[in-house]
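Computed from a prediction, not measured in an experiment: that's the story for all the values here. Each chain gets a letter, A, B and so on, in the order its sequence line appears, and its residues count up from 1.
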Protein chains: 2
Amino acid sequence: MEKLNTEIRQKQIKKAVLQIISTKGLGKLSTRNLADKVGVTEGALFRHFKSKRDIMLSIIDDVKNDLLEQMKKIADSNLKANVKLLKFLCAHVRYLIKNKGITILLFSEATYMDDKEMKKRLFDILSFQKNYVKKIIKEGIDDGLWNKKINADNVAVLYMGIPITLNIELILNRKEFKQENFCRKMFGLLERVLK
Amino acid sequence: MEKLNTEIRQKQIKKAVLQIISTKGLGKLSTRNLADKVGVTEGALFRHFKSKRDIMLSIIDDVKNDLLEQMKKIADSNLKANVKLLKFLCAHVRYLIKNKGITILLFSEATYMDDKEMKKRLFDILSFQKNYVKKIIKEGIDDGLWNKKINADNVAVLYMGIPITLNIELILNRKEFKQENFCRKMFGLLERVLK
DNA sequence: TATTTTTGTAAGTAAGTGATTACATAACTA
DNA sequence: TAGTTATGTAATCACTTACTTACAAAAATA
């Protein structure tokens with residue numbers, strides 16, 4: 001029996017979690033199945049995480065770090081606001097497709113468990129995203145690119161609907177989703193709102 | 001022990017399901033808790049539904065009948081397309097708030113169980129909604145109310161983001177959601193897209 | 001009113017849950 | 001190389017799950 005350090009095992013465990021929930025569903029994510037997937041016994045799992053809930057919280061933190069870091073870079077870049085918003089949306093969409101709607105699966109878990117802390121962390125992620133969008137829109141308005149009368153907050157709400165709807169579609173109807181130019185099309189509509 | 005007919009019991013059971021999942025979360029929706037809530041034993045539950053899954057499927061059908069019927073009436077009415085779309089969106093939003101995000105909770109259940117049939121029925125509900133919106137938008141275009149060049153399908157996708165985002169917010173952050181004029185604000189943005 | 005049908009209960013079932021225990025051994029350190 | 005620590009296992013914990021069974025009694029029907 002090979003022995004690996006906690007850091008490596010934690011990564012393996014979290015990877016296995018994502019594999020299970022995206023292939024067999026959250027309902028099959030038992031510590032039993034998870035241990036089998038990793039190739040260890042259940043006891044080993046609890047050597048590296050203090051609880052199953054802790055594993056899930058750690059995954060939420062990973063999403064926060066990965067996705068929000070990408071977004072921050074784009075939002076803080078020196079591009080023009082319209083280019084920035086398009087790039088932002090496309091990066092957002094790409095992440096969701098690549099990760100098979102992971103955020104919404106985490107949402108389902110939080111809802112299922114009625115876990116306040118998990119819900120709070122997920123809400124935080126959404127809030128961060130929305131604020132980045134708001135910032136970009138305000139920049140565009142200040143630069144005279146977009147209409148001064150539009151309310152950045154409301155448009156940010158409208159924006160958020162795009163990735164969230166995509167998420168839902170990816171889960172409910174994984175196969176039929178046609179992604180060609182999805183982000184460009186949606187960006188086109190957002191621009192009509194902003195102009 | 002009072003004995004009620006299946007029809008009445010089924011309604012009681014489904015009502016109890018909604019109470020449990022909107023107060024204690026899906027994870028607490030066991031047949032044990034459900035029977036307690038209804039005030040019968042577990043055995044009685046299985047007299048009126050053949051399985052727990054059957055109860056959930058029946059609730060999905062109720063949502064389909066209730067919500068989609070309201071929507072059909074509005075979509076088929078003789079109002080002008082802009083009035084119609086506003087009314088449609090506000091009715092949609094009102095239903096979700098009143099039912100505390102029931103649709104997304106059903107989504108979580110379907111995801112959790114990885115239940116194909118449940119997913120399909122939920123996707124159907126979304127598709128119906130989207131098609132009603134598409135129909136209204138096309139009417140508005142034909143009447144010269146809105147721009148001929150806009151793609152009704154894409155706008156319908158954008159529309160769907162509004163109730164879905166609302167749903168998510170209702171679950172993640174029930175208290176802080178401020179609903180005053182929410183549907184009017186969002187309608188204002190949709191009109192900018194359409195004009 | 002006598003009989004059948006429907007609706008209820010109490011007590012189970014087998015299977016699964018997250019987590020813990022006592023113990024073993026690989027890997028690191030002095 | 002000897003001793004310590006980190007990482008593993010196998011077995012089991014107490015508890016929950018959806019669902020079933022054998023039986024009782026209320027309600028509907030004749």
Measure the distance from [atom1] on [X] to [atom2] on [N] and round it to the nearest whole Å.
| X | N | atom1 | atom2 | answer |
| --- | --- | --- | --- | --- |
| A:Tyr112 | C:dG18 | OH | P | 12 Å |
| B:Asn5 | C:dG8 | CG | C1' | 14 Å |
| A:Gln10 | D:dG8 | CD | P | 11 Å |
| A:Ile20 | C:dG18 | CD1 | C1' | 14 Å |
| B:Glu7 | C:dT6 | CD | P | 15 Å |
| A:Gln12 | D:dG8 | CD | C1' | 13 Å |
| A:Phe49 | D:dG8 | CZ | C1' | 17 Å |
| A:Met113 | D:dT17 | CE | P | 11 Å |

Which distance, rounded to the nearest 0.5 Å, do you find between the [atom1] of [X] and the [atom2] of [Y]?
| X | Y | atom1 | atom2 | result |
| --- | --- | --- | --- | --- |
| B:Glu139 | B:Lys84 | CD | NZ | 3.5 Å |
| A:Ile13 | A:Asp54 | CD1 | CG | 11.0 Å |
| B:Leu34 | B:Ile20 | CG | CD1 | 5.0 Å |

For this session: Taking ring-ring contact (aromatic ring centres under 6.0 Å, His included) as the test, write out the residues that go with B:Tyr132, two or more places apart.
Result: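 Result, ring-ring contact (aromatic ring centres under 6.0 Å, His included) vs B:Tyr132: none returned.
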For this session: Using ring-ring contact (aromatic ring centres under 6.0 Å, His included) as the criterion, list what pairs up with A:Tyr112, not counting sequence neighbours.
Result: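 Partners of A:Tyr112 under the ring-ring contact (aromatic ring centres under 6.0 Å, His included) test: B:Tyr112.
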Problem set entry | Heavy-atom closest pair, residues A:Ile164 and B:Ile164 |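 So the two residues come closest at CG2-CG2, 3.4 Å.
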Exercise. Which pair of non-hydrogen atoms, one from B:Ala16 and one from B:Val38, has the smallest distance, and what is that distance?
Worked result: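 Reported closest heavy-atom pair: CB-CG2, 3.7 Å.
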Exercise. Do other residues, nucleotides or ligands put more than 12 heavy atoms under 6.0 Å from B:Lys185 NZ?
Worked result: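 Check passes, neighbour count above 12.
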For this session: Pull out every residue in residues 27-40 of chain B that has a heavy atom closer than 4.0 Å to any atom of DNA chain D, ordered by number, or say none.
Result: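 Hits under 4.0 Å, by residue number: B:Leu29, B:Ser30, B:Thr31, B:Arg32.
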For this session: Look at all strands and tell whether A:Leu45 reaches a base, only sugar-phosphate, or nothing, counting heavy atoms closer than 4.0 Å.
Result: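 Touches nothing.
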Distances under 3.5 Å only, N/O to N/O: pair up the protein atoms with those of nucleotides 20-30 of chain D.
residue: D:dA25; atom: N3; partner: B:Lys3; partner atom: NZ; Å: 2.6

For this session: Would you tell me if any nitrogen or oxygen in the side chain of A:His48 comes within less than 4.0 Å of OP1 or OP2 on D:dG8?
Result: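 Yes, A:His48 has a side-chain N/O under 4.0 Å of OP1/OP2 on D:dG8.
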For this session: Indicate whether any N or O donor in one side chain lies under 3.5 Å from an N or O acceptor in the other, for A:Ser58 and A:Lys14.
Result: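 A pair is found: one side chain offers a donor N or O, the other an acceptor, under 3.5 Å apart.
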For this session: With sequence neighbours left out, write down each residue that passes salt bridge (charged side-chain N to carboxylate O under 4.0 Å, His left out) with A:Asp142, or none if nothing qualifies.
Result: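 So A:Asp142 forms no salt bridge (charged side-chain N to carboxylate O under 4.0 Å, His left out) with any residue.
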Problem set entry | Selection: residues 51-62 of chain A, any non-hydrogen atom under 4.0 Å of DNA chain C |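 Within this stretch, A:Ser51, A:Lys52 sit under 4.0 Å of the strand.
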Problem set entry | Candidate list A:Thr111, A:Asp124, A:Asp114, test side chain to side chain donor-acceptor pair (under 3.5 Å), partner A:Lys119, passing option |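 So, applying the side chain to side chain donor-acceptor pair (under 3.5 Å) to A:Lys119 and each of A:Thr111, A:Asp124, A:Asp114, only A:Asp114 qualifies.
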